[in-house]
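In this text, all values refer to a predicted model and were calculated from it rather than measured experimentally. We name chains A, B, ... by the order of the sequence lines, and we start the count at 1 in each one.
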2 protein chains.
Amino acid sequence: MRANPRPLSKREIRQENERLILEAAEKTFAEAGFGGATMQLIADVAGLPKANLHYYFPTKESLYRRVVQDIFQVWLQAADVFDGADGPEEGLGAYIDAKMEISRRHPAGSKVWASEVMHRAPVIQDYLETTLKEWTNGRMAVIQRWIDEGKMDAVNPRHLLYMLWATTQHYADFGHQIETLNGGEPYSDADWAEAKASVKHIILTGIGVGQDNA
Amino acid sequence: MRANPRPLSKREIRQENERLILEAAEKTFAEAGFGGATMQLIADVAGLPKANLHYYFPTKESLYRRVVQDIFQVWLQAADVFDGADGPEEGLGAYIDAKMEISRRHPAGSKVWASEVMHRAPVIQDYLETTLKEWTNGRMAVIQRWIDEGKMDAVNPRHLLYMLWATTQHYADFGHQIETLNGGEPYSDADWAEAKASVKHIILTGIGVGQDNA
DNA sequence: TCGGTTCCTGACCGTATGGTCAGGAATAGA
DNA sequence: TCTATTCCTGACCATACGGTCAGGAACCGA
């Protein structure tokens, strides 16, 4: 049996347990939905007693809210690559790469978000109306500027954004279907590269942006 | 008070009640998820006593299974436009139109399907492995033939299909988000026309197919 | 050392859920 | 008309759920 190197401080204990709970909650909410996930199941996944969950998060809804908020922050951060780009090939290309990478690394988060929105966003409606709306308007303006500068075709910026979201998140939200159609095998590095390249090629070509496909 | 024109026959009663229950179930499962939907709530929406639901569908899962199967049939039917088309502009254009129309008319069904797949398809895994896989392989072959005939660019047929699914279903599954970003207003006829045109333009252009945009 | 704070959890509670069932009403078929 | 079948439902049941709480253990700061 191993020696205990150092007792955790109160601060460390709180950080560590919150992390354990949030990870377990994200995974469980993604797999079972809000209604299907039980506090007992989340507790089992986290390896903690159920009562301990209620110590850190008073209600199931408060835990869920925190999970959804964290996901939203990840997505907002990923959109930074959008800004400061010289044109659509760089900006949109990097954005597609970033969102595909999130779908690959954090599929559970994407599913929780999708589920939340599908159920009419009972918890994050205010985010949709404020932060997301402002973010969307800002990026639409960037795209419109690129159009005005003749850097891409005059497509509807809003529907272009929707297509980017839909396509990239599809690889997370419908990952199980994709895996099944791949003979039950998870996507390999090569599969992901092919997916990224295909998405970028069709969309960038679709808006009149040339590509050097290596 | 109105006179009862004709008492319903047993057969008619069964048909009508099953329809009521299935409609209520689709709507409720879409809005609340499998776990969040209760038999009592479905019964209230259908306007029937809860015990009557269990008379027609012995368990909640059997009712849910029936709902998902019905949705899958609608989608398979919609794909008929794909076949017999002379080329990608006609075939894919019609397919996009058909799937956008389903997203508009049956958003609840799309959501139930999405939710089912996100939760690792506990009920329709066999459909994914058989019917959907065969369907997908067939359409990939059609697309590959179009490519070989020089009717479109050499894109990866599989990822093109995924993009079609993702984009068209996004307008149903994320309809609430789209509506919120539309100022809380549901999409009008003009909004839907614009969405359809945008999706078709970007994707068809993206695969090297010219379009006469009226 | 010691009082205060934080962390922890087994046992418990009220409620809501999926599902059952007995018994009755309505229709079908002969 | 008469019997069999189908349809219907209020009342009920066992279970599982989210959440509470008392009481103790561990750490902190002075």
Give one of base, sugar-phosphate or nothing for Y56(A), where a contact means two heavy atoms less than 4.0 Å apart. sugar-phosphate
For the ring pair F72(B) and W75(B), is the centre-to-centre distance below 6.0 Å? no
Do any side-chain nitrogens or oxygens of N17(A) fall under 4.0 Å of OP1 or OP2 in dC8(C)? yes
So if I take every side-chain heavy atom of M39(B) and compare against dA28(C), dG10(D), dG18(C), which nucleotide ends up nearest? dG18(C)
Write down the distance between CD1 (I42(A)) and P (dC17(D)), rounded to a whole number of angstrom. 11 Å
Atom CG of L53(A) to atom C1' of dC17(D): distance rounded to whole Å? 14 Å
Would you mind classifying the nucleic acid contact of A43(A) as base, sugar-phosphate or nothing, using non-hydrogen atoms under 4.0 angstrom? nothing
Here the distance between atom P of dG18(C) and atom CZ of F29(B), to the nearest Å, is 9 Å
Between P of dC8(C) and CZ of R14(A), the distance in whole Å: 9 Å
Could you give the CD-to-P distance, from E16(B) to dC8(D), as a whole number of Å? 11 Å
Can you tell me how far P of dA26(C) sits from CD1 of I13(B), to the nearest Å? 11 Å
Any carboxylate oxygen within less than 4.0 angstrom of a Lys/Arg side-chain nitrogen, looking at D83(B) and R139(B)? yes
Would one find a side-chain N or O of Y55(A) under 4.0 angstrom from OP1 or OP2 of dC8(C)? no
Could you please name the option among dG18(D), dG18(C), dC7(D) that lies closest to any side-chain atom of T38(A)? dG18(D)
Is a donor-acceptor contact shorter than 3.5 angstrom present between the side chain of K50(A) and the base of dG19(D)? yes
Let's see if you can work this out: which of dT9(C), dG18(D), dC7(C) has an atom nearest to the side-chain heavy atoms of K60(A)? dG18(D)
Taking the side chain of N52(B) as heavy atoms from C-beta outward, which of dT9(D), dC21(D), dG18(D) is closest to it? dT9(D)
Length of the CD-P vector between E18(B) and dT6(D), whole Å: 14 Å
Might you work through the side-chain hydrogen bond (donor to acceptor under 3.5 Å, both in side chains) test for E194(A) and Y187(A), ending with a clear yes or no? CA-CA 10 Å; E194(A) 174 80 18; Y187(A) 260 28; over 6 Å; no
Should the pair R104(B)-D189(B) be classified as a salt bridge under the 4.0 Å nitrogen-to-oxygen rule? yes
Could you tell me how far apart H54(A) (NE2) and dC7(C) (P) are, to the nearest whole angstrom? 17 Å
Quick one: on DNA chain C, does T59(B) or R11(B) contact a more 5' nucleotide (nearest heavy atom)? T59(B)
Would you call K27(A) and E23(A) a salt bridge, using N to O less than 4.0 angstrom? no
Can a donor-acceptor pair under 3.5 Å be found between the side-chain atoms of K10(B) and the base atoms of dT6(D)? yes
